[in-house]
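Worksheet: the structure to be examined is printed underneath.
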Amino acid sequence: MVLDHKETFLKSFSALTGIGYEKIKEYSQDNNPLNFLNHPYSSTLTREVVDKITCIKEFCASYEMLKLAEAGKKIHFNSTESAGEYFKTLLSNLKDKEKVLVSFLDSSNALIETVVVSEGTVNESSVYPREIAKQALFYDCVSIIVAHNHPGERCQASQQDITLTQKLVDVLVPLNIRVLDHIIVAGEKYMSLLDHGRMPTCSQSVTR
Amino acid sequence: MYFLTIEEFEQSKMGNLLARILKIEDKTTKEVILTAIEHKGIDNFLQYPRLFGLSTEICEGIEHFKTFIDAYYKSEGVEKNGIGS
């Protein structure tokens, strides 16, 4: 059964990329054929083929994300771990750019919607708290969780991350919307600002 | 500023990636693919590309893609670190 998958994988990969089947088969006898996908630069491939492989890899990441999003209607965030694992699945595949996501939650911490707030460069992306506030009101949410990835896989919050979280808290808390956590995904790891005691409180007094 | 939902964002991205992988440059064909993914879902589209009036060549490319995706995920499920190794 496993060999069937391998054969099918190699044949379809060859058909899609144009790499000769014999070449892929020979390589896969002593190596993991997934290397073609995960480390295309390690093989002697043309620029065009490497571009195609990059597209296929991105497609797989999007496919996983879409599948999870389709199932996401039933997701409840009961803990920082459940949130961390959710965002890890969505963001751990991204190695070349920062992406910022926001999940809008109802009063039982069930997911209403997750949106892509920004997709930036390898170490930077723009986020506008005012726009997130507009979306939060649109979804009629009670709380939000923010998440983004560190393509460099540094599993620590930067000063910019803390500042952004503070700005979101300052904008949303007066609207009675809580910012539950800010999750940072770094490769296969993640860190939660809440778990690390680094979630800021609202810097202005709020009258309710 | 309208934020795309994850579904909208990824659907649009997948349509564009598919067009790049299969070297589809015709704008109308790209539109057909994006609309099909958006309305029918990615799995339905990959499974039944011939329902959307696309050329035989493109349908065959999409079928290769479907075979690849299935094999990739089955393999990942069977053995994360290597296919049949």
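A note on names: the letters A, B, ... follow the listed sequences, proteins ahead of strands, and every chain is numbered from 1.
How far CE of A:Met191 is from NE2 of A:His182: 9.5 Å, rounded to the nearest 0.5 Å.
At a 4.5 Å heavy-atom cutoff, A:Ile53 makes no contact with chain B through either its backbone or its side chain. For B:Phe9, the part lying near chain A is the side chain, with the backbone staying farther off; criterion is any non-hydrogen pair under 4.5 Å. There is no contact between B:Lys66 and chain A, counting heavy-atom distances below 4.5 Å. Both the backbone and the side chain of B:Ile21 have a heavy atom closer than 4.5 Å to some heavy atom of chain A.
For the pair A:Glu22 and A:Lys25, the salt-bridge criterion is not met [side-chain N within less than 4.0 Å of a carboxylate O].
A:Thr80 and A:Asp195 are linked by a side-chain donor-acceptor pair at a separation below 3.5 angstrom, with hydrogens and angles left out of the test. Between the side chains of A:Ser158 and A:Asp161, at least one donor N or O lies within less than 3.5 Å of an accepting N or O.
Side-chain atoms of A:Thr89 come within 3.5 Å of backbone N or O of A:Glu85 as a donor-acceptor pair. Using a distance-only test at 3.5 Å, with no hydrogens or angles considered, a donor-acceptor pair links the side chain of A:Asn149 to the main chain of A:Lys97.
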Taking distance alone, no hydrogens or angles, what donor-acceptor pairs closer than 3.5 Å link side-chain atoms of residues 45-59 of chain B to residues at least two apart or in another chain?
from    : atom 1 : to      : atom 2 : distance (Å)
B:Arg50 : NE     : B:Glu63 : OE2    : 2.8
B:Arg50 : NH2    : B:Glu63 : OE1    : 3.0
B:Arg50 : NH2    : B:Glu63 : OE2    : 3.4
B:Ser55 : OG     : B:Ile58 : N      : 3.3

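The aromatic rings of A:His150 and A:His148 lie perpendicular to each other, with more than 60° between the two planes, well past the 30° mark.
Residues of residues 11-21 of chain A that come closer than 4.5 Å to chain B, counting heavy atoms only, are A:Ser12, A:Phe13, A:Ala15, A:Leu16, ordered by residue number.
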